[in-house]
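Notes follow the structure.
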Amino acid sequence: MDEDSGATFISMTDEDGKEVVLEYIDTLEYNGSVYQAFFPAEVEGEPEDPDAGLIILKVIHENGEDLLSTPDTDEELETVYDLLMEQLFDSDED
């Protein structure tokens, strides 16, 4: 993991209690909610996971804090994924 690259990383605990480091990619506002996209960060000394892909998390405001959660439905996830891909590829063309 290259901390000097200017990339933003977050650390969180997954449902199995394992610490996971994610690299922030982009944010999208859709239908009154905010979503953030991440890729699993490469951790030195650990093998790369070939199944690791884009992770989309929904920002939820609870008790004055921002928490990250999975989208509520598969349909919501697919819609946000499509919009994020469109947003990322549009910004690459600029």
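The basis for the numbers below is simple: all heavy atoms, side chains too, and nothing from hydrogens, waters or symmetry mates.
Annotation: side chain of D72 is in contact with side chain of K58 (closest heavy-atom distance under 4.5 Å).
Y81 is linked by a side-chain hydrogen bond (donor to acceptor under 3.5 Å, both in side chains) to nothing, counting only residues two or more places apart in sequence or in another chain. With sequence neighbours excluded, no residue forms a salt bridge (Lys or Arg N to Asp or Glu O under 4.0 Å) with D14.
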CA sep, side-chain torsions, deciding dist, call: F39, L54, side chain to side chain contact (heavy atoms under 4.5 Å, CB included)
CA-CA 5 Å; F39 277 118; L54 188 69; 4.0 Å; yes
Could you walk me through whether V21 and M12 pass side chain to side chain contact (heavy atoms under 4.5 Å, CB included), step by step?
CA-CA 7 Å; V21 178; M12 57 189 305; over 6 Å; no
Check the pair D26 / Q87 against side chain to side chain donor-acceptor pair (under 3.5 Å), numbers first and verdict last.
CA-CA 9 Å; D26 207 353; Q87 181 172 295; 2.8 Å; yes
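Donor-acceptor pairing under 3.5 Å is recorded for the side chains of S11 and E19.
Both Y30 and I25 are part of a single hydrophobic cluster, where members link through side-chain heavy atoms under 4.5 Å apart. In this structure, Y24 is a member of the same hydrophobic cluster as V20, with clusters built from ILVMFWY side-chain heavy atoms closer than 4.5 Å. F38 and L88 end up in different hydrophobic clusters when Ile, Leu, Val, Met, Phe, Trp and Tyr side chains are linked at under 4.5 Å. Transitive grouping of hydrophobic side chains (ILVMFWY, heavy atoms separated by less than 4.5 Å) keeps L28 and I55 in distinct clusters. Connection of V80 to M85 is established within a shared hydrophobic cluster, with ILVMFWY side chains joined at heavy-atom distances below 4.5 Å, either directly or through further cluster members.
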Distance-only donor-acceptor pairs under 3.5 Å for side chains of residues 60-71, two or more places apart:
residue: H61; atom: ND1; partner: D66; partner atom: OD1; Å: 2.4

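Nearest heavy atoms, P40 versus G53: CD-O, 3.3 Å.
Note that CG of L83 and CG of D90 are 10.5 Å apart. Values are rounded to the nearest 0.5 Å. Atom CD in E76 sits 8.0 Å away from atom CG in N31 (nearest 0.5 Å).
Proximity of a side-chain donor or acceptor of E86 to a complementary backbone N or O of D82 within less than 3.5 Å is not detected.
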